[in-house]
Amino acid sequence: MNERYNFAEIEKKWQIYWEDNDSFKTVEDPDKEKYYVLEMFPYPSGKLHMGHVRNYSIGDVIARQKHMAGYNVLHPMGWDAFGLPAENAAIKNGVEPSLWTLSNIEEMKTQLKTMGFSYDWDREIASCKPDYYKWMQWLFIQFFNNGLAYKKENPVNWCSSCKTVLANEQVVDGACERCKTPVGKKKLSQWYFKITDYAEELLESLNTLDGWPNKVKIMQRNWIGKSVGADVNFDIYNTDKNISVFTTRPDTLFGVTSMVFAPEHPLVEELVTGTEYEATVMEYVKKAQILSDVERSTTDREKTGVFTGHYCVNPMTGKNVPIYVSDYVLMDYGTGAVMGVPAHDQRDFEFATKFRLDIIPVVDTDNPEIDVNNLKEAFDAEGTMINSGKFNGMNNKETIEEIIKDIEEKGIGKRSVNYRLRDWLISRQRYWGAPIPMIYCEDCGWVPEEEENLPVMLPKDVEFTGKGESPLVTSKTFVKAKCPKCGKQGNREIDTMDTFLDSSWYFLRFCDPQNSEKAFDKEKTDYWMNVDQYIGGVEHAILHLLYSRFFQAALCDMGLVSTKEPFTNLLTQGMVIKDGKKMSKSIGNVVSPEKIINKYGSDTARLFILFAAPPEKELDWLDAGVEGSYRFLNRVYRLVYELTDKVKAAPDSYKPVTSSDKEILCILHNAIKKVTDDTSGRFQFNTAISAIMELVNGIYKYKEIENANEGIIKDCIENLIVILSPFTPHICEEMWQHIGHDSSVYNMAWPEYDKDALIKDTVEIVVQVNGKVKEKLNMASDLNKDEFEKTAMESESIKALVEGLNIVKIITVPGKLINIVVK
RNA sequence: GCCGGAGUGGCGGAAUUGGCAGACGCACAGGACUUAAAAUCCUGCGAUCCUUACAGAUCGUACCGGUUCGAUCCCGGUCUCCGGCACCA
């Protein structure tokens, strides 16, 4: 160890040491309690950014601390390697996507290794490799065989820039989540995963996820969007047809004064064909289809619509109500038609006002400011039923239940639940993804490829036309295939899978990454699953985290895994920002991890990123703050260097004598306690580090006093290195070796703090008068309540303060404070 | 519009169960060491008032109010910012 802190040399040395000694290799060990730490695996863009550094530094502290605390820790890393950038690079530069991706992986892996993360690299996986996507395809077939994958034609989200369809979850504010291009509609036949079958389960089971941030659970709840109500049948007057509508407000049935169909509703054309209304209605329908989702779904847009010439019968009143078509009604929610209750629904109110339809109130209120017979806007609060026959006078909330019973008895409707969640569209018209292992046969329909023929390899002889059809169609070898059922010539599916499928089960493959017989061995997943601590950005709150939960639940039902939920605890780390803005090339405020590592070393980078903010919050990158972390590591290094001889010569046991001895030991054990608590469960690395800083400051002071005990110095220095090591492992290994150890500090047992050391002989007692701090007195900590009060009351300054006043009450918190209430 | 979350010094943040507001760090200022600088070490650092000084007083956790001996923390209301959803019947 040099006199000066040479981070470059030290970091290199220990990275080689860990690699040569297989320090982070993990195998199943039934005798040891396991702990699975997982950070969301990266897309191999080629460059590590600060968000990665933050994500993986957090995970590494947890993994290292848990290892030292005696757990058998699984801490793997891999690559979410399929996806658009590789293919776009191929179109632009003519590089083969696989080569581009694999070289990026190499580059990023080197960068990750310079950070000193404790990954078991033997478990590395890359989703673009045939040994991974083979099992992706196998899993697809399991979903298909269990009725959870199907193909249907539907208007789908289409990104004209990415030239592919998108799942609902990938459309943000009406635009493509990746490239921000406004999303259009296209009618295509596509593969879907039946995530809606699991809507209720995914919703219910959120309640069991105590280790998840509330925010994420609420976002998922909203996304699933459960509504409880009833389906009600309306007969269409003068026809043999009827229409069912979903409503959450069966109590307002008597107030229905119109029926409104979505423009796409199949009955619309049927009803108007051959009538005088055909021309105007069909023109409206055509116009609506051109509108983009964004245009159509703005709430402040004026309502539009056309009358169809037909009426349907309000089943409660028997009265005819007109049927309209309007684009505020969505085809893919409920039944694609809604009953119009203008008095109690704002949208219906606007529609009725515009088309001069009847507004019949059926819920009244005591509120004197609202006259339900002369409404300025819809009244949607609680109230008393009116104009509703036998239900008049009841509370409307209670009426909901009564009316559902009533319509069920009459056979005109039934209780019903609707979800906003839609099935997951998983086809992509792109090359760089796992081929969907399905073959279309004219006789047998869609048939899965046989297991022994997996993987269905991505062909190399393709043209990247960028035209919006899967490039696989251009392969001369790929498309034609024999039907696995009847042997007749068929065609392979040419679309590839959404890459979110790859990431929906990678945590299972990490348990058994090299298995060539199965996707994963159940015994192994039974040992390692669930992921005890999952860490990643909150931007995946709905997408990846919902899909993975769906996969796990479905695989559990298929008997492939044993638990319904994959991630026991979730930590969503905040963004790294600079100057108040997200780091981005266009703003020019990007700080590259590489530069920081070269200038200060990765230990400094890790320390700063963990110290500057609690993990869930945004982290403001401050160059001066990095300097500070670097300064601290130098300070620790100098301290250890200076005290090494004393530490080596010191006896193993000692007896604290002086108050300084007790004070420094109190600081030491407080630091051990704080770091233990803050790295397991609470995850407040910033305060853990500040406790270590206090310890360092304490040792600096203690070593200067005349009769400093060398045994205590040794105890402090050794524990300091051990508890700092999860944060800054390289420098700690170096110091650990220097003070005379020949094994890695990573293999040291995590220290336990001594409760007794935290108890002080004397404590500072706060004396308040009427709740205001007036005096601080030192007292023996073992005084009882009466003695506390007595000591306080006898103090000169307190006597002076309360003199001549009437003492009403004295409140005492032993060991902390005394509050004297006077008048 | 609906649903969440947050608001504390010049800055990042701390206060874990209702009990000393501002730990730890950054920035800044003064000093020591040095021919000098860097590095390092020491001291100060919420506001206002008062005092020659030592010290002291009052206010202060977005704003208004409440509960309590005592509120950054609990309750009611207001404002601002951030995030999610949004014509979902």
Side-chain angles (χ1 to χ4, degrees), chain A residues 4 172-174 213-223 225-227 229 245-249 252 260 262 296-301 303 326-330 332-341 344-348 350-351 418-422 538-539 541-542 574-575 607-608 611-614 616-629 631-632 634-635 638 673-674 677-678 681-682 684 686-697 700 704 764-776 808-813 815-822:
Chain A
R4 281 201 51 217
V172 177
D173 294 331
N214 247 325
K215 181 185 169 154
V216 174
K217 289 192 275 189
I218 288 165
M219 281 166 76
Q220 291 209 356
R221 243 173 236 132
N222 290 343
W223 190 259
K226 181 178 182 176
S227 295
V245 295
F246 173 70
T247 176
T248 55
R249 294 290 305 275
T252 62
V260 190
R296 188 164 156 180
S297 64
T298 43
T299 38
D300 47 9
R301 210 172 119 242
K303 297 274 177 292
S326 174
D327 62 13
Y328 81 89
V329 179
L330 307 173
D332 57 358
Y333 183 78
T335 61
V338 300
M339 60 187 214
V341 187
H344 305 293
D345 181 288
Q346 186 57 26
R347 295 153 302 182
D348 298 342
E350 286 164 23
F351 192 78
N418 260 274
Y419 301 90
R420 298 160 84 146
L421 183 71
R422 309 288 144 81
V538 74
E539 66 273 16
I542 321 190
M575 267 195 312
L607 186 71
F608 170 72
F611 178 62
E616 307 226 287
K617 277 191 90 163
E618 270 186 352
L619 184 145
D620 201 354
W621 188 271
L622 198 70
D623 291 327
V626 185
E627 294 267 4
S629 294
R631 241 181 346 243
F632 170 73
N634 273 288
R635 198 167 141 78
R638 282 196 307 273
K673 179 179 192 309
K674 199 96 180 94
D677 292 350
D678 289 355
R682 212 172 89 105
Q684 297 274 324
N686 54 333
T687 52
I689 292 165
S690 77
I692 297 176
M693 287 172 168
E694 283 175 75
L695 173 60
V696 170
N697 293 343
Y700 262 99
E704 291 306 320
E764 200 179 57
I765 300 297
V766 174
V767 185
Q768 299 179 329
V769 175
N770 286 348
K772 289 191 176 148
V773 180
K774 292 293 176 183
E775 187 61 76
K776 292 171 185 180
V808 182
K809 191 176 356 174
I810 299 178
I811 286 136
T812 309
V813 183
K816 273 191 180 161
L817 112 172
I818 292 163
N819 187 12
I820 304 160
V821 186
V822 295

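Small disclaimer: the values here were computed from a predicted structure and weren't measured. Letters A, B, ... mirror the listed sequences (proteins, then strands); counts begin at 1.
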Chemist: Take the protein atom CZ of A:Arg221 and the nucleotide atom C1' of B:rA86, then report the distance between them rounded to whole Å.
Modeler: 19 Å

Chemist: By the 4.0 Å heavy-atom rule, please label A:Val766 as base, sugar-phosphate, or nothing.
Modeler: base

Chemist: From C-beta outward on A:Thr687, which listed nucleotide comes closest to its side chain: B:rU16, B:rC87, B:rA14?
Modeler: B:rA14

Chemist: Compute whether any side-chain donor of one residue and acceptor of the other, for A:Asn418 and A:Ser227, lie under 3.5 angstrom apart.
Modeler: no

Chemist: Any donor-acceptor pair under 3.5 Å between the side chain of A:Gln768 and the base of B:rG19?
Modeler: yes

Chemist: Can you name the ring-ring contact (aromatic ring centres under 6.0 Å, His included) partners of A:Phe611, sequence neighbours left out?
Modeler: none

Chemist: Would you compute the distance between atom CZ of A:Phe632 and atom CD1 of A:Ile689 and round it to the nearest 0.5 angstrom?
Modeler: 8.5 Å

Chemist: Among the nucleotides B:rA89, B:rC85, B:rG25, which one has an atom lying closest to any side-chain atom of A:Phe611?
Modeler: B:rG25

Chemist: Does A:Arg635 make a cation-pi contact with A:Tyr700, if we ask for NZ or CZ under 6.0 Å from the ring centre and within 45° of the axis?
Modeler: yes

Chemist: When rounded to the nearest 0.5 angstrom, what distance separates CE in A:Met693 from CG in A:Leu607?
Modeler: 5.5 Å

Chemist: For B:rA27 versus B:rC81, give the span between their C1' atoms, rounded off to a whole number of Å.
Modeler: 25 Å

Chemist: So which nucleotide from B:rG19, B:rC41, B:rA14 ends up closest to the side chain of A:Arg635?
Modeler: B:rC41

Chemist: Where the side chain of A:Ile811 is defined as all heavy atoms beyond and including C-beta, which of B:rC3, B:rA89, B:rC69 is the nearest nucleotide?
Modeler: B:rC69

Chemist: Between the side chain of A:Asn686 and the main-chain N/O of A:Ala612, is any donor-acceptor distance below 3.5 Å?
Modeler: no

Chemist: Is the shortest side-chain N/O distance from A:Lys809 to OP1 or OP2 of B:rC69 below 4.0 Å?
Modeler: yes

Chemist: Rounded to whole angstrom units, what separation is found between the CG atom of A:Asn418 and the C1' atom of B:rC87?
Modeler: 16 Å

Chemist: Of the nucleotides B:rA89, B:rC24, B:rG19, which has the atom closest to the A:Val813 side chain?
Modeler: B:rG19

Chemist: When you check the phosphate oxygens OP1 and OP2 of B:rA89, does a side-chain N or O of A:Ser227 lie under 4.0 Å from one of them?
Modeler: yes

Chemist: For nucleotides 29-34 of chain B, give me every protein contact, N/O to N/O, under 3.5 Å, one pair per line with atom names.
Modeler:
none

Chemist: With the side chain of A:Pro614 defined as its heavy atoms from C-beta on, choose the nearest nucleotide among B:rG12, B:rG13, B:rG19.
Modeler: B:rG13

Chemist: B:rC87, B:rC41, B:rG84: which one has an atom nearest the side-chain heavy atoms of A:Arg638?
Modeler: B:rC41

Chemist: Exactly one of A:Ile811, A:Ile820, A:Asn819, A:Val821 should register a side chain to side chain contact (heavy atoms under 4.5 Å, CB included) with A:Gln768. Which one does?
Modeler: A:Asn819

Chemist: Just how far, in rounded Å, is P of B:rC42 from CD of A:Glu704?
Modeler: 9 Å

Chemist: Pairs under 3.5 angstrom, nitrogen or oxygen only, protein versus nucleotides 26-28 of chain B, please.
Modeler:
from	atom 1	to	atom 2	distance (Å)
B:rC26	OP1	A:Arg631	NE	3.4
B:rC26	OP1	A:Arg631	NH2	2.7
B:rA27	OP2	A:Arg631	NH2	3.2

Chemist: Taking the side chain of A:Thr248 as heavy atoms from C-beta outward, which of B:rA23, B:rG4, B:rA89 is closest to it?
Modeler: B:rA89

Chemist: When you compare the side chain of A:Ile218 with that of A:Trp223, does any pair of heavy atoms fall below 4.5 Å?
Modeler: no

Chemist: Check nucleotides 54-56 of chain B for protein N or O atoms closer than 3.5 Å to its own N or O atoms and list the pairs.
Modeler:
none

Chemist: Dot-bracket for RNA chain B: what is it, with Watson-Crick or G-U pairs under 3.5 Å, [ ] where a pair crosses earlier ones, and | for a pair to another strand?
Modeler: (((((((..(((......[....))).(((((.......))))).((((......))))..(((((..]....))))))))))))....

Chemist: Once you round it to whole Å, what is the distance between C1' of B:rC2 and CE of A:Met219?
Modeler: 15 Å

Chemist: With a non-hydrogen cut-off below 4.0 angstrom, is A:Glu350 in contact with a base, only sugar-phosphate, or nothing?
Modeler: nothing

Chemist: Salt bridge or not for A:Arg420 and A:Asp332, using N-O below 4.0 Å?
Modeler: no

Chemist: Of A:Asn686 and A:Arg249, whose nearest nucleotide on RNA chain B comes first from the 5' end?
Modeler: A:Asn686

Chemist: What integer distance in Å separates A:Tyr419:OH from B:rC85:C1'?
Modeler: 19 Å

Chemist: Quick one: is B:rG13 close enough that its OP1 or OP2 comes under 4.0 Å of any side-chain N or O from A:Lys617?
Modeler: yes

Chemist: With the side chain of A:Met693 defined as its heavy atoms from C-beta on, choose the nearest nucleotide among B:rC41, B:rG25, B:rG19.
Modeler: B:rG25

Chemist: Verify the contact: side-chain N or O of A:Arg4 to OP1 or OP2 of B:rA39, cut-off strictly under 4.0 Å; return yes or no.
Modeler: no

Chemist: Whole angstrom is fine here: how far is it from CD1 in A:Ile765 over to C1' in B:rG19?
Modeler: 11 Å

Chemist: Listed by chain and number, what are the salt bridge (Lys or Arg N to Asp or Glu O under 4.0 Å) partners of A:Arg249, not counting sequence neighbours?
Modeler: A:Asp251

Chemist: On a whole-Å scale, what distance lies between the C1' atoms belonging to B:rG66 and B:rU16?
Modeler: 27 Å

Chemist: Using only heavy-atom distances, decide whether a donor-acceptor pair under 3.5 angstrom links the side-chain of A:Asn819 to the base of B:rC69.
Modeler: yes

Chemist: Taking the side chain of A:Thr247 as heavy atoms from C-beta outward, which of B:rG12, B:rG19, B:rA89 is closest to it?
Modeler: B:rA89

Chemist: Hey, does the side chain of A:Gln684 reach the backbone of A:Pro614 with a donor-acceptor pair shorter than 3.5 angstrom?
Modeler: no

